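This report concerns only the one structure given below.
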Amino acid sequence: MTVLELSGVARHYREGDGRLDILIGADLTLAAGETVALIAPSGAGKSTLLHIAGLLERADDGEVLIAGLATSDMSDNERTSLRRSTIGFVYQFHHLLPEFTALENVALPQAINGLDRREAERRAAELLDYLRLGARARHLPSQLSGGEQQRVAIARAVANAPHVLLADEPTGNLDPRTAEHVFATLMTLARNTGLAALVATHNLDLAAQMDRRVTLSDGRLVELA
Ligand SMILES: Nc1ncnc2c1ncn2[C@@H]1O[C@H](COP(=O)(O)OP(=O)(O)OP(=O)(O)O)[C@@H](O)[C@H]1O
């Protein structure tokens, strides 16, 4: 089943009097459970592509389909609601809320989505256990290691059981061993839950462990060997 499809996605930015064409007809299909690495030089448009795929930004042209639903004609509210229920994000920095425990950070997106708070916390505890973070559930982010913080951020991103996880340099801030561990968490989720993942990374060792690798070339997505 295709969970994410980009078709002819175009995006440009104004630059003084001129324009900067970042994406010119980018196409991508991501199936459930599939993991795809996005490898491209700085400034090529990786973050722009992830933001458009994740309905945080609109394309100037083309279509983004989430689980078969075309999104370009949707209102901002419809896009936000679809994003909350189908897409998870992980960034280079964890962006956990510092005043809340790991458990509360993971429960929050579910509570925002309308789940009863106790049920949200029960599910968050289950998810943290599954990712072997159960013993850290009551810790504040400042009491966690960098790798643990990032794994909690992954738990938070998948708390609403999204179809698609979009990750922008999720291991970019970690030492190689910790990066492997965090990456393994992502792969476990994809293999065992059918989550599809599109991961922008400069780490070629990790990219080699994913199902496919793509790059951005002249505003288009190109499959790598
Ligand atoms: N809001 C904006 N207005 C103008 N230009 C922008 C805007 N956002 C991004 N750009 C430009 O678009 C290009 C692509 O940016 P983007 O952040 O998508 O690249 P990237 O591949 O993610 O880079 P990096 O690996 O350094 O994060 C860059 O040249 C950037 O300066």
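Predicted model only: the values in this text are computed from it and were never measured. Indexing begins at 1, ligand by ligand and atom by atom, following the structure's order.
- Within the 4.0 angstrom cut-off, atom 6 (C) of ligand 1 has one or more protein heavy-atom neighbours.
- Protein heavy atom in closest approach to atom 25 (O) of ligand 1: Lys46 NZ, 2.7 Å.
- Contacts with ligand 1 closer than 4.0 Å are made by backbone heavy atoms (N, CA, C, O) of Pro41 only, the side chain lying farther away.
- A salt bridge does not link Glu169 to Lys46: none of the charged side-chain nitrogens sits closer than 4.0 Å to a carboxylate oxygen.
- Judged by distance alone, with hydrogens and angles left aside, the side-chain atoms of Thr178 form no donor-acceptor pair with the main-chain N or O of Leu174 at under 3.5 Å.
- When only interatomic distances are considered, the shortest N/O to N/O separation between Arg14 and ligand 1 does not fall below 3.5 Å.
- Salt bridge annotation for Arg19-Glu15: absent, with no cationic side-chain nitrogen under 4.0 angstrom from a carboxylate oxygen.
- Atom 13 (C) of ligand 1 has Ile22 CD1, 3.3 Å as its closest protein atom, hydrogens excluded (heavy atom only).
- Distance from atom 31 (O) of ligand 1 to its nearest protein heavy atom, with residue and atom name: Leu20 CD2, 4.9 Å.
- Here the closest heavy-atom approach between residue Arg151 and residue Arg132 is recorded as NH2-O, 3.7 Å.
- The pair Arg212-Glu34 counts as a salt bridge, with a side-chain nitrogen and a carboxylate oxygen less than 4.0 angstrom apart.
- Transitive grouping of hydrophobic side chains (ILVMFWY, heavy atoms separated by less than 4.5 Å) keeps Val158 and Ile112 in distinct clusters.
- Atom 1 (N) of ligand 1 has as its closest protein heavy atom Tyr13 CE2, 3.7 Å.
- A salt bridge is absent between Asp21 and Arg11: the closest approach of a Lys/Arg side-chain nitrogen to an acidic carboxylate oxygen does not fall below 4.0 angstrom.
- Remark: ligand 1 and Ala44 share an N or O pair separated by less than 3.5 Å (distance only, no angle test).
- Ring orientation note: the planes of Phe93 and His95 are nearly perpendicular, at an angle over 60° on the 30°/60° scale.
- Looking only at distances, no side-chain donor or acceptor of Thr2 sits under 3.5 Å from a matching main-chain atom of Leu4.
- The shortest contact between atom 29 (O) of ligand 1 and any protein heavy atom is with Gly43 O, 3.9 Å.
- For atom 20 (P) of ligand 1, a protein non-hydrogen atom is found at a distance below 4.0 Å.
- Using a 4.0 Å cut-off between charged nitrogen and carboxylate oxygen, Arg122 and Glu119 count as a salt-bridge pair.
- Ala200 does not count as a contact of ligand 1, since none of its heavy atoms falls under 4.0 Å from the ligand.
- Protein heavy atom at the shortest distance from atom 27 (O) of ligand 1 is Ser47 OG, 3.9 Å.
- At the shortest separation from atom 15 (O) of ligand 1 among protein heavy atoms lies Thr48 OG1, 3.8 Å.
- Residue Gly45 places a heavy atom under 4.0 Å from ligand 1.
- Scanning the protein for heavy atoms near atom 24 (P) of ligand 1, the closest one is Ser42 OG, 3.7 Å.
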